[in-house]
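Have a look at the structure below before the remarks.
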There are 2 protein chains.
Amino acid sequence: MIERKSERTKSAIRAAARQVFALVGYERATIRDIAREANIDPAMVMRYFGSKDGLFADTANFDLNLPQDLGEAPDKAGERMAAHFIAVWEQEGSGFAVLLRSASSNPVAAARIAAVLSEQLLPAVVAMVGPQEAPQRAGLIASQMLGLALSRYVLSLGPVAAMSREQIIAGIGPTLQRYLYGPLAR
Amino acid sequence: MIERKSERTKSAIRAAARQVFALVGYERATIRDIAREANIDPAMVMRYFGSKDGLFADTANFDLNLPQDLGEAPDKAGERMAAHFIAVWEQEGSGFAVLLRSASSNPVAAARIAAVLSEQLLPAVVAMVGPQEAPQRAGLIASQMLGLALSRYVLSLGPVAAMSREQIIAGIGPTLQRYLYGPLAR
DNA sequence: GTCTATAATTCGATAGAC
DNA sequence: GTCTATCGAATTATAGAC
């Protein structure tokens with residue numbers, strides 16, 4: 001089977017869109033920019049994705065893909081969770097950069113991040129610590145991980161961007177560990 | 001002395017601009033929106049602030065205003081720092097919401113946040129723990145505090161927004177405490 | 001000081017030729 | 001499938017009357 005030309009064009013548009021959306025965010029990204037980046041005609045974008053919103057909805061996807069065995073060795077869960085987050089984010093084409101870059105100003109992106117929290121992170125935390133305190137614990141975890149991603153990948157704040165993966169994991173792992181299993185205020 | 005009309009107009013524009021910029025970010029905010037919110041003519045905005053960029057530069061300001069005595073009771077520094085952050089952010093007109101809402105897509109806003117880190121937070125951390133590990137520690141603190149602000153005030157993520165100030169401080173204080181004085185990876 | 005009119009751009013989207 | 005031409009809307013910014 002020869003791959004159809006239209007599919008190759010579509011893939012090229014998708015890749016270019018991910019790149020441009022991740023770099024400048026939804027508002028500043030233009031269909032013309034994306035088409036130029038993909039070396040195709042701007043009208044092709046409309047043909048294949050219908051609208052700028054349609055292209056964004058197609059591109060701005062993210063699956064946290066948490067492993068099932070996080071609760072098995074509870075004393076190292078924080079570190080493993082931190083390492084997993086970083087690995088997933090740094091996967092090319094994960095779509096997370098697209099989402100986070102636009103979340104502050106684009107309601108669709110913001111809603112998808114909220115959905116990842118409530119549909120993926122929260123259930124995992126429930127499975128680990130039970131339903132009672134899970135929302136608080138998941139919320140604290142989300143705040144730290146979103147802040148890390150914002151500082152390191154979106155804003156590229158010097159001190160955070162300069163740290164190695166190992167330093168990040170060693171610094172943040174214990175935080176997640178405490179957010180999972182440490183004491184909590186009522 | 002009667003306050004001059006022009007000054008009152010300028011203040012009204014500033015207040016409206018802060019509100020609109022904080023709510024929808026730099027790109028989606030329009031001079032017309034801001035003028036309508038301030039009940040003045042859009043041309044007045046140009047007259048007093050020169051351009052949309054000029055207005056944003058005037059509005060998007062933030063002073064972390066860290067107290068000098070943070071290092072004096074080192075065992076409670078994390079909690080006091082967390083409480084101080086929250087108090088400053090929730091001050092009306094602090095300009096922090098304006099900055100954070102636009103930081104992901106606006107280079108000026110991003111640069112100002114980076115400046116707060118390097119010129120205000122970092123020196124304070126240096127004063128507490130010395131210059132050696134200060135950048136890492138300040139970077140970790142920034143990641144947690146920016147993530148909290150993003151989750152709670154910008155994205156309004158359910159679980160984070162639902163927590164009380166006390167719960168936030170109890171949850172995040174120990175994290176900052178460890179980022180300040182705990183062990184670090186090399 | 002205030003407002004009207006409009007210039008100059010930019011962009012998403014459409015129509016239709018080839 | 002691909003591309004040209006262009007519409008229509010929105011927005012920043014300016015010129016100038018009052």
Side-chain angles (χ1 to χ4, degrees), chain A residues 1-60 98-99 101-102 104-110, chain B residues 1-60 98 101-102 104-109:
Chain A
M1 274 306 210
I2 296 175
E3 204 176 35
R4 302 185 56 170
K5 180 72 178 297
S6 63
E7 280 306 318
R8 285 198 293 123
T9 302
K10 231 177 146 173
S11 297
I13 294 172
R14 239 191 287 261
R18 250 191 274 269
Q19 193 174 325
V20 175
F21 280 139
L23 202 62
V24 303
Y26 178 85
E27 283 82 14
R28 289 177 117 96
T30 70
I31 289 180
R32 288 167 163 94
D33 283 344
I34 293 168
R36 194 177 316 118
E37 181 69 34
N39 277 317
I40 51 103
D41 190 278
M44 293 291 93
V45 177
M46 301 304 295
R47 175 170 176 84
Y48 288 122
F49 295 92
S51 67
K52 183 181 175 181
D53 279 300
L55 177 60
F56 186 76
D58 183 280
T59 305
V98 174
L99 274 182
R101 175 76 69 177
S102 298
S104 300
S105 56
N106 184 290
V108 173
Chain B
M1 272 307 208
I2 297 174
E3 202 176 36
R4 303 186 58 168
K5 181 75 177 296
S6 63
E7 280 307 317
R8 284 197 293 123
T9 303
K10 231 176 147 175
S11 297
I13 295 172
R14 239 190 287 260
R18 250 191 275 268
Q19 193 174 325
V20 176
F21 280 139
L23 201 63
V24 303
Y26 177 85
E27 283 81 13
R28 288 179 119 95
T30 69
I31 289 181
R32 285 153 207 227
D33 284 343
I34 292 168
R36 194 177 316 118
E37 180 69 34
N39 277 317
I40 52 102
D41 190 277
M44 294 289 92
V45 177
M46 302 303 296
R47 174 171 177 85
Y48 288 121
F49 295 92
S51 68
K52 183 180 174 179
D53 279 302
L55 178 60
F56 186 76
D58 183 280
T59 305
V98 175
R101 175 76 70 177
S102 298
S104 300
S105 56
N106 183 290
V108 172

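Letters A, B, ... mirror the listed sequences (proteins, then strands); counts begin at 1. Note that the structure is a prediction, hence the values are computed from the model and not measured.
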Between OH of A/Tyr26 and P of C/dG12 the distance, given in whole Å, is 8 Å

Taken to the nearest whole Å, CZ/A/Arg28 to C1'/C/dG12 is 18 Å

Review point. Counting just side-chain N and O atoms, does B/Ser6 come under 4.0 Å of either OP1 or OP2 of C/dG1?
Key: yes

Between CD1 of A/Ile34 and C1' of C/dA13 the distance, given in whole Å, is 15 Å

request  = Ignoring hydrogens and angles, answer whether the base of C/dT10 and the side-chain atoms of A/Arg32 contain a donor-acceptor pair closer than 3.5 Å.
outcome  = no

Considering only heavy side-chain atoms of A/Tyr48, the closest of D/dA13, C/dG1, D/dG1 is D/dG1

d(A/Glu27 CD, B/Ser104 OG) to nearest 0.5 Å is 10.5 Å

Which of C/dG12, C/dC3, D/dG1 is nearest the side chain of B/Asp41? It is C/dC3

Rounded to whole Å, CD of B/Glu27 lies from P of D/dT12 at a distance of 11 Å

From CZ of B/Arg36 across to C1' of C/dC3 the rounded distance in Å is 16 Å

- On the ring face of B/Phe21, is B/Lys52 found with NZ or CZ under 6.0 Å from the centre and within 45° of the axis? no

Side-chain atoms of B/Arg47 come closest, of C/dT2, D/dT11, D/dG1, to C/dT2

Checking C/dC11, C/dC3, D/dT12 against the side chain of B/Met44 (C-beta onward), the nearest is C/dC3

B/Lys52 has its side chain closest, among C/dG12, C/dG1, D/dT12, to D/dT12

Picking from C/dC11, C/dA13, D/dT4, the nucleotide nearest the side-chain atoms of A/Ala43 would be D/dT4

B/Phe49 atom CZ is separated from D/dT12 atom P, nearest whole Å, by 15 Å

When rounded to whole Å, the CE to C1' distance for the pair A/Met46 and D/dA5 reads 15 Å

Residues A/Arg28 and B/Ser105: closest non-hydrogen pair is NH1-O, 3.1 Å

Minimal heavy-atom distance between B/Phe49 and B/Lys10, with the atoms involved, is CZ-CG, 3.8 Å

Here the distance between atom C1' of C/dC3 and atom CD1 of B/Ile31, to the nearest Å, is 15 Å

task: Keeping the roles fixed (side chain from A/Arg101, backbone from A/Gly25), state whether a donor-acceptor pair exists under 3.5 Å.
output: no

Reckon B/Ala35 touches a base, only the sugar-phosphate, or nothing at all at heavy-atom distances under 4.0 Å?
nothing

